[in-house]
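Computed from heavy atoms alone, side chains included, the values below leave out hydrogens, waters and symmetry copies. Remember, it's a predicted structure, so these values are computed and weren't measured experimentally.
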Amino acid sequence: MNGLSRGERLQIMLTREELRALDDWRFARRMPSRAAAVRELLKRGLAGEGFVIADEDARSKDFGMLAGDGDGQAGGEGD
């Protein structure tokens, strides 16, 4: 393998039409497997909804919702 570690298994059921669409998409993009195609589509779908898959080195404070100076504290002067 390529050194990737996948610790979880997900089993899904698809209709024939969904499977055909997945395979058509996969082959058009020369994806190596159905699993790779599903992972790529999942990643794209999540990104389209505003979710980003984090790097392993990312810390929770890197994903704050509030503007601040990065110390984990919300707000600024006068709060």
Side-chain angles (χ1 to χ4, degrees):
M1 281 200 28
N2 59 5
L4 293 176
S5 174
R6 306 219 189 274
E8 299 293 328
R9 180 179 299 264
L10 175 65
Q11 183 174 343
I12 61 171
M13 301 293 289
L14 301 175
T15 65
R16 287 184 182 177
E17 294 79 19
E18 290 167 336
L19 188 58
R20 187 177 309 116
L22 175 66
D23 283 340
D24 289 349
W25 188 87
R26 169 191 168 204
F27 291 130
R29 286 154 185 81
R30 299 180 182 259
M31 302 292 293
S33 66
R34 283 178 175 164
V38 169
R39 283 191 298 270
E40 181 62 23
L41 288 168
L42 180 62
K43 183 173 119 181
R44 289 178 183 210
L46 289 172
E49 292 291 321
F51 292 92
V52 179
I53 297 174
D55 294 328
E56 286 185 23
D57 296 331
R59 304 183 81 187
S60 59
K61 71 177 186 177
D62 297 335
F63 296 92
M65 297 285 290
L66 303 174
D69 59 1
D71 65 356
Q73 301 291 317
E77 302 213 349
D79 283 348

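Transitive grouping of hydrophobic side chains (ILVMFWY, heavy atoms separated by less than 4.5 Å) keeps Leu10 and Leu42 in distinct clusters. Hydrophobic clustering of Ile, Leu, Val, Met, Phe, Trp and Tyr side chains at less than 4.5 Å, counting indirect connections, keeps Met13 apart from Leu19. A continuous path of Ile, Leu, Val, Met, Phe, Trp and Tyr side chains, each step under 4.5 Å between heavy atoms, connects Leu14 with Trp25, placing both in one hydrophobic cluster.
The minimum heavy-atom distance between Ala37 and Arg26, with the atom names listed, is CB-CB, 3.8 Å.
Within a 6.0 Å sphere centred on CZ of Arg16, heavy atoms belonging to other residues, nucleotides or ligands number 12 at most. Counting non-hydrogen atoms of other residues, nucleotides and ligands closer than 6.0 Å to CD of Glu49 gives a total of 12 or fewer.
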